[in-house]
Each structure stands twice: as C-alpha cells, then as structure tokens.
Amino acid sequence: MRQNNSVTQEHTRRSKAKADGENAFKVRLSIRTALGDNAYAWDTNEEYLFKAMVAFSMRKVPNRETTEISHVLVCNVTQRVSFWFVVTDPLKNHTLPAVEVQTAIRMNRNRINGAFFLNDQTLEFLKIPSTLAPPTDPSVPIWIIIFGVIFCIVIVAVMLLILSGIRQRRRMSKGPTEVDDSEDKCENTITIENGIPCDPLDTKGGHINDAFMTEDERLTPL
C-alpha cells in the first residue's frame, strides 16, 4: 500500500510538472558529441545526479535552503537525452517560479557542467542563457607589463641620446682637420709665372722663393 501510494504521489507530481509549463525547463545533453568514445549512458543514476545538482543549486538561493532531491521532478525523458524538469515546493503544493530556478542554475552552471563532464554547448538549458566564462587572471600582473613598456622606452631614448652625442663629436673632430688640410694644400701650391715654376713664400718655415732672389743674394749666403 505504501509503495502504491508513493508511486501515485510521484505520478501526480509528474503530471503537475507537465501541466505547469511556465516553470518547467527543457534540458538537452550531447554526451557523445562531447566525449566521443568515452561517452556514458544516461540512466537513472545520471538522472539522480542531475536532480541532486539542481537541488544543490536551489539551496544557494535565499529562502530555499530546505530544497531536497525529491523536490526536483524530471519527465519526458528521450533516448537522445532530453527531458523537462521543475522544482516543487511541497509545503505550498506548487512549482517554484522559473525566475528562482533560472537564478540558481546560472549561479552554479559550472558546477553542473563539471558533474557531467560537459559545457554550456553540450548541456543546454533551453530557457536559461549560457553563462559567461569567468575572466582569467593574467599570469603576469598588469603593473609589471606597464613598467616593462616604460622601461624599454626609457632605454631606447637614452641610447638615441648617446648615439646623437657620438655623431656630434665626430663631426666636431673632423672639422678642424679638414681646415688644416685645405690650408696645407694652399701653401704647397706651386705658381707658374712666365713659364717658370715659382715656389710661394713659406712663411711658416721662413723660406724665401728663389725666383725672386737677386744674383748677389744667390751667390752670397747669409
């Protein structure tokens, strides 16, 4: 008798879950697509785990800490692993609002996916939007990256200043030597007058051009 009564109550609750479509959610699993050869069969044990995960999620919602696995009803299970579920409130004899269930599922979506080795694309709650992946923390702190960029800019600027200073020094050192070379070229230039080559007066060495010396000056040395 007790077993018959429990079966009747379960059947009644399932029928109520079907009738109350506003608070029901359809779930579709693509186990073989996700796991390939390692795919597992969907059976009553997997269904029990799903109920447990939904009940666990509902307990995270304020004022729903007393939710039990038996409060989660599953119906219309297909071989391609899709079904509907609702969460009931036995004290008030009705299903919980869809907003509360949706909030609980979104808060614990990663935990539910992990329990079945699936993700948002292979474990779909058709009326519940997929959750965004949590932002990953960069392996290197941002301030270190910024400091490295500024440090590189400073190093490049210092190198440019050093190179420009070296170039200026080279130009300054080349200037006087070029002037001296031009003066030496002018001093060593031999002039030709009336077809006779004449050495200019070498003022630095104190030499006198022989072309302008008289006969006595050539014969009589100083």
Within the 4.5 Å heavy-atom criterion, are [X] and [Y] side-chain neighbours or not?
X      : Y     : value
Glu46  : Asp43 : yes
Phe117 : Leu35 : yes
Val74  : Lys51 : yes
Arg111 : Lys60 : no

Step through it carefully: locate the ring centre of Phe83, locate the ring centre of Phe50, and say whether they are under 6.0 Å apart. yes
Stepwise ring pair (Phe, Tyr, Trp, His ring centres under 6.0 Å) check, Phe85 with Phe25: CA-CA 6 Å; Phe85 80 92; Phe25 294 90; 5.7 Å; yes
Separation of [Y] [atom2] from [X] [atom1] (nearest 0.5 Å):
X      : Y      : atom1 : atom2 : result
Arg80  : Trp42  : CZ    : CH2   : 16.0 Å
Asn110 : Asn119 : CG    : CG    : 10.0 Å
Met58  : Thr66  : CE    : OG1   : 9.5 Å
Leu161 : Ile166 : CG    : CD1   : 11.5 Å
Leu123 : Met53  : CG    : CE    : 10.5 Å

If I compare all heavy atoms of Ala34 with all of Thr122, which pair ends up nearest, and what's the gap? CB-CG2, 3.7 Å
Below 3.5 Å, can you tabulate the donor-acceptor pairs from side chains in residues 96-105 to any protein atom, sequence neighbours excluded?
unit_1 : atom_1 : unit_2 : atom_2 : d
Glu100 : OE1    : Arg64  : NE     : 2.7
Glu100 : OE1    : Arg64  : NH2    : 3.2
Glu100 : OE2    : Arg64  : NH2    : 3.4
Thr103 : OG1    : Val99  : O      : 2.8

Is it the case that over 12 heavy atoms from other parts of the model lie below 6.0 angstrom from the OH atom of Tyr40? yes
